[in-house]
Structure formats: structure tokens, C-alpha cells
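Structure first, then comments.
Note that ligands are numbered from 1 as they come in the structure, with each ligand's atoms numbered from 1 the same way. We use all heavy atoms of the structure for the numbers below, so side chains are in, but hydrogens, waters and symmetry mates are not.
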Amino acid sequence: MESRESPSAVLTEFYTLPQLTNSSLIENGAHIIYMFNESTKYISNAIHFITEGLTKGHLIILIESEEFFNEINKQLIQQGYSEQDLKTITYIDQMRQYSNNKQFEADHSFQSLLKLLKPTIDPYRTTRLWGQVLAKDALLSELRKYECDCDEFMGGENVISVCAYNALFTPSYIQNEMLKVHGYFMTDEQIEKSPFYNKKNLLAMSPSEKARLQNIENENQRLKKKNSRLLKEKAYQQEREQILYEAKRHAENANAMKTTFLSQMSHDLRTPLNIIQGYAQILMLEGSHQRLQKNIQKIFGASNDLLKLIEEILDFSAIEAGKVTINKEPIHLKTFIDNSVSAIFDFNHSDIMIKVDHIDDNLYIEADRLRLTQVITNLLTNAIKYNQPHGEISVFIDFDELREEIKIHVKDTGIGISDSELHLIFDPFYRSETSKSKWKGTGIGLAIVSQLTNKMNGSYGVTSEEGNGSNFWVSFKGFASTQPCLVALQPSATHQHPSTDDLNVLYIEDNQDNIDLMSSMLHIITDIQLTSEMTGKDGYHKAIEMQPDLILLDLHLPDTNGLNVLNDLKTHALTKHIPVIAISAEALESSIDLALEQGCQGYLTKPVNLTELRDVVMHYSNN
Ligand code: ADP
């Protein structure tokens, strides 16, 4: 008693719990606050406290969680204590003592403690009380009242009481106040007198002290409310994020399925188209009756439309699925525009005039050449398609030197677009009411323009007046340079027509119709005799045996993937030098790149274009 009330009876150094409880300082009991951090150290301290009591014949009361109580019991048994010894410990469940299934109440907890303690009080026999207080969510005022009542009751009695608090769940404002109402303060490792303990203050709380506690509590309530609001908001946010994540996953799955479906569909449509177009090309070249020629041209034209449609859909799905790679380079603007316009001229069977305004020779635009061609071609074909009879198209550019930006305009004198539809035409599959009824189309062309332009970090737009034409534009980074043209035009593949009589061609293809067609096409080009095999395995063995000059390889074979055959051919000493041209209905850019990377010298997509096939055959008969 003396030692707790007078801070002058100092502990000169830090003590551990057994050192303190063995010292003469606490002969008349002690009220200890223990803020624990580590449960293993906590349990070991509790065990020390209990075993020391058992040795000294003290009465022991343990108020603890069931989990810790079981652990303490287990360790005591391991240390050699008997069931009988354990029975001498009075155990009370922490929940019953401190919460009574409600929030912590000072009066309830104190009364039940009194019931326990009072009968044990004996001046000749010490009572050891170890209680883990359930302070989580407790009000400071209630906790303080409970601890003050305990402190007052135990003062001078022969009781050593450890009030343990889990530091993790006990806010520091409660920890601070608890230091004022316990004579000793203990952590996992050490114990000392609390420098804040003053018994006089506890007994009579001054109005200012009351007000101070009230303020702390009010502030704490305010923060708790704020915290619970933030937690609710966070939970709501997390829920939204989860919903969005799920939706995104679904959309990605659906997109992937759509891409697979489209590429499969495109492949399947290309196969019969190969036959239609192949024979149409042969018939056109073979020369027949004039009317028949016209009809064949119509078949070829219609199948070409179908092919374009398939290509557009496939392209769009590839862009949407992010499977398009962009390789930007400085492109000589004048040459690029001239080439794009002259390529369009070949397809422009109408009476539309296309004029290109003067473009400075020193301008370069930064874009992916292939994709920019696609963008400008789409704008030019639309400008032809939606023009008036005898209409005009003008292509001109704006160069903003300061912002280093080049804008390419494609302006037509066509049907124009109404204000209400202007913002919709770049959406996938959107077609205006007028165009739907008069022109063929898919509504994908401008969506491709928009997506590719964005991918190349450019911008796009349109101004239009219904009945009076439209002005579409795309804009990219660009600059003027007096350096000689950085990028030369790809030389066009022009070949002489040497003799091909000795060329041995092996075609590995499982479809007899395609083999027959290839044979007829080669026959039109030259007198080559074609050898064919219908499986990858047979084709591979035939190649070793016959040593052809050229191998045409279908990539979809019944027994194995064409790329495996390619790999076998390219690793066998007798065949690795033989050029291989893939012939496939698989037209995805990624599939083409893969085949070329793995060693194909060329890739022809089905339907096979007769001119392209001729170029390939001529090339290899030259070499
Ligand atoms: P499609 O031409 O296959 O319909 P696009 O995506 O290229 O698909 O065009 C979408 C729609 O935008 C067209 O259906 C048409 O209504 C309108 N459009 C596009 N270009 C022009 C143009 N130059 N003049 C008038 N309308 C146009």
C-alpha cells in the first residue's frame, strides 16, 4: 500500500513481473496495468504469475479468453502441474466478466468482480488476480470508473492484480488514462511504477477533470462515427470495384469469344471463296464468249465484295481485341498521299474526280504506314461511295508548325450527313438511314478510322452539311525536314516471266478442291506440274524424297498444325533450304507474322490472288 501511494518509494530500475512480485515493494498488493503486444510473451507472463502463486500457495483468479485459458492450461500441464493443481485456479470467461454480451459496463463488471474477490480477501493469504479486460469499443468513462473502483477496493488489501489490455485494440487515449489509475505499468518485457498515478485525484474527480474526459470522449465518438462512415464508403467503393471488375472480365471474355468466332467464321468463309474466286480468275484469263466473260466478272466482283466485308470484320475485331501492333515511323507525306490516291484510282470506276492540293516536299507525318494507309483508304472510299454523280473529292493538308501537327483532309461534294447523325457515324456498325437503303456497307469503316487513329495518338473529325458534302480529317504528329527523304517507297514487285518449265512445286493441302484449283491456276501461269500431299507427315516425307524447288503449305492440316510441318522442314538438312510459302484462309495479322517469323518465305491468304501467286512462282523460278 505504502509503496503504491508514494512515488518516492521508487523502483530504481526496471523489473520483470516475477522480480516485482517477489520484491518487498508489493507486500500489500499491487494494481498493475499490462499493455501487451505479443501473445506468446503475454502467455508466458501469465504462466509466471500463476506458477509463482501456486508455489506460494496464493489464491488465483484468472479472467481470460477461452483460447488463452486453454493454452495456459496446456503449458502448465507440460511444465508438470497436475489437473488437481489446475482445479485450484478460479477461471472466469472474459466475456462473462466484462461484456455480458453488451458493451463494457463499469458497474456490471465491478459487481461481478466483487462477488469473486470479496470471499477471497484474507490478510494472511495473497490473492492473485489476472484479468484480460475486454476494452474494445468500451467508453473511456466506463473503463476509468471500473478501474478506479477496483483500485479503491483493492487499496491496502492483499491482492496482486494484473489488468491486461491488448495494446493492438486499445487506443492510445485509453492507454494514457489507464496509466493514471494503476500504480504499476507493465509491457511484455518490463514493469515499473506509473509516473502518472495519483490516488488522490482518483477519489475525487475535479469538474475540470470531468470536462476533460468528456471532451476526449466526444472527440472520440466523432472520430468513430467518421470512421464508420468512411468504412461504409470504402465497402461501397470496393463493392462497386468488384462489380466493375466482374463486368470487365465478362466483357473481355465476350470479346475474346467474339474474336475467336469472327476469325473462325472468316476462315470458313474464305475457304469456299477461294474456289469461287480462283475459278473465276482462271475463266476470266482463259477468254471465253464476251457475255460469259461479263457474267464471270460479276461473280468475281461479288465475291470480291464479300471478301472485303470479311476482311473489314476481321480487321475490326482484331483492333478491338487489341491485337494490332503499331510501328510508327516518319512517312514522307507527299509520296504517301500520291500513292494512296493512285491506289484508289484503280478501284474508282465512277466518274468522281479526285484532286490533290499541293503538298510541300519536306513534310513528314509520324504514323504506322500500313495503318495510316487503311485510314486514308477508308476515308477515300467513303468519299467516292457517298458522292453525287460527277462529284469531286479534294485531298489537302494543314501543317501547324508550332504544334508540329499535320491534318489530312478528305473533302467531298457528296450527300453529306445530318447534324443529328454526325456524332454517331464513328460508332461501330452505325449506318445512316439514307445510306442503309442505297449503298452496301457494314458501318465498320469509320470505326476502324477512329480506333486506328487513337492507337496512333492522332485525332479525327468531320464537318458536314446535308446535301452539300463532308470534310473528314485525321491529324497526327508531323514535321518539316530538309533532310533527304528518310523512307524510300517499297519497290513494287515486278518480275519478268522467265521459263518455269523446270520448277518442281509441292503442295501440302488436305482439300482436294483446293489442290485442283491450285493445279489449274499454276497451269494458267505456266506448265508446272504440281505434286500434292494431303497430310503434314506425307508432305514432309515427299519433300525429303523429291527435293522440290518450292513448297506451298496449307496451315490447317488434318494430322498436324502446318507450323509443325514448317518447323520439321526447316530443321531437316535436306529440306531447310527449300522456300516455303504458306497458303491459308487464316488472315489474322498475328498468324501471318508468326508464320513468317518461323521461316515461311511468303504468305498467301485464301482466296488466292492469281497475280500474287504468279509473282511468287516467278520469283522462285528466277532464283
Ligand atoms: P459504311 O460505309 O460501311 O456504312 P462507315 O463506317 O464507313 O460504314 O460509315 C458509317 C456511315 O457514315 C455510313 O453508313 C454513312 O452513313 C456515313 N458516311 C461515311 N462517310 C461519309 C461521307 N463521305 N459522306 C456521307 N456520309 C458518310
Side-chain angles (χ1 to χ4, degrees), residues 258 262 265-266 269 301-321 324 337 340-341 343-345 347-357 370-397 407-456 458-475:
K258 188 187 75 186
L262 286 175
M265 190 187 77
S266 142
L269 290 174
S303 65
N304 238 352
D305 285 347
L306 188 55
L307 182 60
K308 267 192 222 137
L309 201 89
I310 294 168
E311 268 164 5
E312 228 175 30
I313 291 176
L314 187 66
D315 219 14
F316 178 70
S317 62
I319 297 169
E320 266 214 320
V324 167
I337 298 284
S340 306
V341 171
I344 281 290
F345 262 124
F347 291 99
N348 180 14
H349 304 301
S350 58
D351 52 7
I352 312 290
M353 275 270 298
I354 308 180
K355 82 180 188 337
V356 180
D357 279 12
L370 186 73
R371 299 305 171 182
L372 185 61
T373 309
Q374 213 174 344
V375 166
I376 300 300
T377 308
N378 281 0
L379 295 183
L380 284 169
T381 33
N382 276 352
I384 296 172
K385 185 156 116 184
Y386 298 111
N387 222 312
Q388 316 272 17
H390 314 296
E392 253 187 41
I393 298 170
S394 50
V395 180
F396 58 96
I397 66 120
K407 216 179 219 186
I408 307 173
H409 296 261
V410 177
K411 190 169 178 226
D412 63 59
T413 53
I415 57 166
I417 302 151
S418 67
D419 283 351
S420 60
E421 291 187 297
L422 210 52
H423 66 288
L424 297 170
I425 55 168
F426 288 94
D427 288 352
F429 308 109
Y430 184 82
R431 309 202 65 219
S432 77
E433 289 307 318
T434 352
S435 52
K436 253 190 235 169
S437 50
K438 281 198 193 159
W439 290 277
K440 286 187 278 183
T442 52
I444 291 177
L446 288 182
I448 290 180
V449 168
S450 120
Q451 299 224 22
L452 286 180
T453 307
N454 285 338
K455 266 191 160 285
M456 291 188 283
S459 51
Y460 60 87
V462 58
T463 50
S464 184
E465 197 183 321
E466 208 170 358
N468 262 332
S470 316
N471 178 5
F472 282 84
W473 58 265
V474 283
S475 137

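Nearest-heavy-atom check against atom 4 (O) of ligand 1 across Arg431, Lys411, Lys308, Lys436 picks out Arg431. Nearest to atom 19 (C) of ligand 1 by heavy-atom distance, out of Leu380, Thr413, Asn382, is Asn382. Atom 25 (C) of ligand 1 has its nearest heavy-atom neighbour, among Thr442, Val462, Ile417, Ile425, in Ile417.
For atom 23 (N) of ligand 1, the nearest protein heavy atom (residue, atom name, distance) is Asp412 OD2, 2.9 Å. Of the protein's non-hydrogen atoms, Tyr386 OH, 2.7 Å is the one closest to atom 2 (O) of ligand 1. Atom 5 (P) of ligand 1 has its closest protein heavy atom at Leu446 N, 3.6 Å.
Heavy atoms of Phe472 approach ligand 1 to within less than 4.0 angstrom.
Atom-to-atom distance recorded for Arg431:CZ and Ile425:CD1 is 12.0 Å, nearest 0.5 angstrom. Rounded to the nearest 0.5 angstrom, Leu452 CG and Arg371 CZ are separated by 6.0 Å. Summarising the geometry, atom NZ belonging to Lys438 is positioned 13.5 Å from atom NZ belonging to Lys385; distances are rounded to the nearest 0.5 Å.
Below 4.0 Å from some heavy atom of Gly443 lie the following atoms of ligand 1, by number and element: 1 (P), 3 (O), 4 (O), 6 (O), 8 (O). Residue-ligand proximity, Ser432 to ligand 1, at heavy-atom distances under 4.0 Å covers atoms 14 (O), 16 (O). Each of the following atoms of ligand 1 lies closer than 4.0 Å to a heavy atom of Lys385: 1 (P), 2 (O), 3 (O). Under a 4.0 Å criterion applied to the non-hydrogen atoms of Tyr430, ligand 1 contributes the atoms 10 (C), 11 (C). The atoms of ligand 1 that sit less than 4.0 Å from any heavy atom of Gly441 are 3 (O). Those atoms of ligand 1 that come under 4.0 Å of a heavy atom in Ile444, given as number and element, are 6 (O), 8 (O). Within the listing of ligand 1, atoms 25 (C) sit less than 4.0 angstrom from a heavy atom of Gly416.
The backbone N or O of Gly391 sits nowhere less than 3.5 Å from a side-chain atom of Thr413 that would complete a donor-acceptor pair. Between the side chain of Ser464 and the backbone N or O of Gly469 there is at least one donor-acceptor pair closer than 3.5 Å. Looking only at distances, a side-chain donor or acceptor of Asp412 sits under 3.5 Å from a matching main-chain atom of Ser470.
Shown here are the side chain to side chain donor-acceptor pair (under 3.5 Å) partners of Ser435, two or more places apart in sequence or in another chain: Ser432.
Taking both residues in full, the closest heavy atoms of Gly414 and Gln388 are given as O-NE2, 3.4 Å, listed atom of the first, atom of the second, then distance.
No N or O atom of Ala447 sits closer than 3.5 Å to an N or O atom of ligand 1. Residue Gly445 places at least one N or O, backbone or side chain, under 3.5 Å from an N or O of ligand 1. Of the N or O atoms in Ser435, one or more lie within a sub-3.5 Å distance of an N or O in ligand 1.
Aromatic ring orientation, Tyr386 versus Trp439: perpendicular (interplanar angle above 60°, classes split at 30° and 60°).
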Below 3.5 Å, can you tabulate the donor-acceptor pairs from side chains in residues 375-383 to any protein atom, sequence neighbours excluded?
from   : atom 1 : to     : atom 2 : distance (Å)
Thr377 : OG1    : Thr373 : O      : 2.5
Asn378 : ND2    : Gly445 : O      : 3.1
Thr381 : OG1    : Thr377 : O      : 2.6
Thr381 : OG1    : Asn378 : O      : 3.1

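Using a 4.0 Å cut-off between charged nitrogen and carboxylate oxygen, Lys436 and Glu433 count as a salt-bridge pair.
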